[in-house]
*Asks:* 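Have a look at the structure that comes next, please.
Indexing begins at 1, ligand by ligand and atom by atom, following the structure's order. Everything quoted here is computed from the prediction, not taken from an experiment.
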Amino acid sequence: MKPYVILNAAMTLDGKIATKTGSSNISGEKDLKRVHELRREVDGIMVGINTVIADNPRLTVHKIDANPEDNPVRVVVDSKCRTPIAARITNKDAKTIIAGANDYKLEFIVSDRYANFTKRGIDFFFSGDKRVDLKDLMNYLYESGIKTLMLEGGSTLNFSMIKEGLIDEIRICVAPFVVGGKDSHTLFDGEGFDTMDEGVRLELFDSFKLGDDLILQYKVLNK
Ligand SMILES: NC(=O)C1=CN([C@@H]2O[C@H](COP(=O)(O)OP(=O)(O)OC[C@H]3O[C@@H](n4cnc5c(N)ncnc54)[C@H](O)[C@@H]3O)[C@@H](O)[C@H]2O)C=CC1
Ligand SMILES: Nc1nc(O)c(N)c(N[C@@H]2O[C@H](COP(=O)(O)O)[C@@H](O)[C@H]2O)n1
């Protein structure tokens, strides 16, 4: 079993979610409110470790009125358990689960870092050898009560999740500017598919303007 997974992201018209320097302020104010309403609705919110390092996100509901119990469980996909102890996702605002890979587990669980994390109430889940096994992780999250999960990037995790058939819905804010750059992050990076035929098919079910931005909402078809 797996949670219902909604990928939400903001990109420029040319498909970039961050520049090569990590600059990623893309959404307008109205879109950020939409994002936080979605955060309030879901049980969990998941990002890759590079997003934690680049953005130091809170991953809580903080741009609209909310109670602490509205915050989703925060999940970081972090094979080598590199999450900085001072990262905001380790604070007490919400529960946090760090998903690591088995090859790095033994060394990590005897470290002071592990003791510090567990003292802060952070939970760990290990699966896969060198990389987190995302199917296993989805099953674990579902069994832990996370029935709806918002995926908030970045590009590498987005691609692994869609390749594994784990994304059900995609909600994209397209902002009216371009930044270019072959080293910028796009909505899906990873290794990519070789041919267009292998591409994951989507069905647009809603689109609307929000402030200056355009919101596109798709169902994922061939999972
Ligand atoms: N505009 C937007 O909506 C958003 C933009 N971003 C941007 O995305 C950038 C970060 O993206 P990325 O560098 O691609 O990193 P990422 O955040 O996708 O993290 C990828 C890392 O996760 C780990 N990982 C472990 N198991 C994995 C698996 N099975 N599959 C994939 N990854 C696995 C690996 O260490 C991998 O390098 C940042 O600059 C951030 O600002 C991130 C979220 C939203
Ligand atoms: N929807 C959206 N629009 C943007 O313009 C963004 N840069 C992001 N980024 C995601 O939101 C995280 C920051 O969350 P907090 O406000 O700190 O809680 C960031 O890490 C990305 O996952 N999203």
*Asks:* Under 4.0 Å from a heavy atom of R39: which atoms of ligand 2 are those, numbered in the order shown and with their elements?
*Replies:*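 Checking each atom against R39, I get 11 (O), 12 (C), 13 (C), 14 (O), 15 (P), 18 (O).
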*Asks:* Ignoring hydrogens and angles, tell me if any N or O in the side chain of N91 forms a donor-acceptor pair with the backbone of R88 under 3.5 Å.
*Replies:*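 Yes, N91 side chain to R88 backbone: donor-acceptor pair under 3.5 Å.
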*Asks:* Can you tell me which residue and heavy atom of the protein come closest to atom 18 (O) of ligand 1, and the distance to 0.1 Å?
*Replies:*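 The closest one turns out to be L157 N, 2.9 Å.
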*Asks:* Does L134 reach ligand 1, in the sense of a heavy atom lying below 4.0 Å from it?
*Replies:*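 Under 4.0 Å: yes for L134.
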*Asks:* Please classify the V35 to ligand 2 contact at 4.0 Å (heavy-atom distances, strictly less than): side chain, backbone, both or neither.
*Replies:*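 It is the side chain that touches ligand 2; the backbone stays farther off.
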*Asks:* Looking at atom 4 (C) of ligand 2, is any protein heavy atom nearer than 4.0 Å to it?
*Replies:*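 Within 4.0 Å of atom 4 (C) of ligand 2, protein heavy atoms are found.
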*Asks:* For the 3.5 Å polar cut-off, considering only N or O atoms, please tell me whether S24 and ligand 2 meet it.
*Replies:*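 Yes, S24 has an N/O under 3.5 Å of an N/O on ligand 2.
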*Asks:* By number and element, which atoms of ligand 2 are closer than 4.0 Å to a non-hydrogen atom of A10?
*Replies:*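 Those qualifying, in numeric order: 2 (C), 3 (N), 4 (C), 5 (O).
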*Asks:* Yes or no: does H62 have any heavy atom under 4.0 Å from an atom of ligand 2?
*Replies:*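 Yes; H62 lies near enough to ligand 2 that a heavy-atom distance drops under 4.0 Å.
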*Asks:* Which part of I26 is near ligand 1, with near meaning a heavy atom under 4.0 Å away: side chain, backbone, both or neither?
*Replies:*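 Near ligand 1, I26 shows its side chain, while the N, CA, C and O stay back.
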*Asks:* Give a yes/no verdict on whether any heavy atom in D55 is under 4.0 Å from an atom of ligand 1.
*Replies:*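 The answer is yes: ligand 1 sits under 4.0 Å from a heavy atom of D55.
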*Asks:* Checking a contact table here: which protein heavy atom is nearest atom 13 (O) of ligand 1, and how many Å away?
*Replies:*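 The closest heavy atom on the protein side is N50 ND2, 3.1 Å.
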*Asks:* Among all protein heavy atoms, pick out the one at the shortest distance from atom 13 (C) of ligand 2; state its residue, atom name and that distance to 0.1 Å.
*Replies:*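 Going atom by atom, the protein heavy atom closest to atom 13 (C) of ligand 2 ends up being P57 CB, 3.6 Å.
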*Asks:* For atom 2 (C) of ligand 2, what is the nearest protein heavy atom, given as residue, atom name and distance?
*Replies:*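 Of the protein heavy atoms, S27 OG, 3.5 Å lies nearest.
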*Asks:* Give the numbers and elements of all ligand 2 atoms closer than 4.0 Å to a heavy atom of I26.
*Replies:*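 Numbered from 1, ligand 2 contributes 5 (O).
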*Asks:* Return a yes/no value for E152: is any of its N or O atoms, backbone included, closer than 3.5 angstrom to an N or O of ligand 2?
*Replies:*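 Yes; the residue has a nitrogen or oxygen that sits under 3.5 Å from a nitrogen or oxygen of the ligand.
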*Asks:* Determine yes or no for a side-chain-to-main-chain donor-acceptor pair under 3.5 angstrom, with S127 supplying the side chain and D133 the backbone.
*Replies:*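 A pair under 3.5 Å: yes.
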*Asks:* Please identify which atoms of ligand 2 are closer than 4.0 Å to at least one heavy atom of T51.
*Replies:*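 This gives 20 (O), 22 (O) as the contact atoms.
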*Asks:* What's the shortest distance from atom 21 (C) of ligand 1 to any protein heavy atom, and which residue and atom give it?
*Replies:*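 Looking only at protein heavy atoms, the one closest to atom 21 (C) of ligand 1 is I49 CG2, 3.8 Å.
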*Asks:* Within the 4.0 Å heavy-atom shell around N8, which atoms of ligand 2 are there?
*Replies:*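 It comes down to these atoms of ligand 2: 1 (N).
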*Asks:* Note the single closest protein heavy atom to atom 12 (P) of ligand 1, along with its residue, its atom name and the distance in Å.
*Replies:*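 Checking every protein heavy atom, the shortest distance to atom 12 (P) of ligand 1 gives T156 OG1, 3.6 Å.
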*Asks:* Can you tell which part of V52 has a heavy atom less than 4.0 Å from ligand 2: side chain, backbone, both or neither?
*Replies:*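 For V52, no heavy atom sits under 4.0 Å from ligand 2.
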*Asks:* What protein heavy atom is closest to atom 17 (O) of ligand 1, reported as residue, atom name and distance in Å?
*Replies:*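 Answer for atom 17 (O) of ligand 1: T51 OG1, 2.6 Å.
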*Asks:* Any side-chain heavy atom of F108 sitting closer than 4.5 Å to one from K80?
*Replies:*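 A side-chain contact is absent here, since even the closest heavy-atom pair is not under 4.5 Å.
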*Asks:* Looking at non-hydrogen atoms alone, which of S27, A54, G128, S160 comes nearest to atom 30 (N) of ligand 1?
*Replies:*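 Checking each option, the heavy atom nearest atom 30 (N) of ligand 1 is found in S160.
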*Asks:* For atom 16 (P) of ligand 1, what's the nearest protein heavy atom and its distance?
*Replies:*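 I find the closest protein heavy atom is G154 N, 3.6 Å.
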*Asks:* Is there a polar contact between ligand 2 and N56, counting only N or O atoms under 3.5 Å apart?
*Replies:*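 N/O-N/O distance below 3.5 Å does not exist for this pair.
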*Asks:* Where is the nearest protein heavy atom to atom 29 (N) of ligand 1: which residue, which atom, and how far?
*Replies:*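 It is V132 O, 3.0 Å.
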*Asks:* Could you check atom 44 (C) of ligand 1 against the protein and tell me its nearest heavy-atom contact, residue, atom and distance included?
*Replies:*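 The closest one turns out to be E152 O, 3.2 Å.
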*Asks:* Can you tell me which residue and heavy atom of the protein come closest to atom 17 (O) of ligand 2, and the distance to 0.1 Å?
*Replies:*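 Scanning the protein heavy atoms, the shortest distance from atom 17 (O) of ligand 2 goes to R58 N, 2.8 Å.
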*Asks:* Side chain, backbone, both or neither: which part of S155 has a heavy atom under 4.0 Å from ligand 1?
*Replies:*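 It is both backbone and side chain that touch ligand 1.
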*Asks:* Distance under 6.0 Å and angle within 45° of the ring axis: does K147 meet both against Y142?
*Replies:*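 Yes, K147 sits over the ring of Y142.
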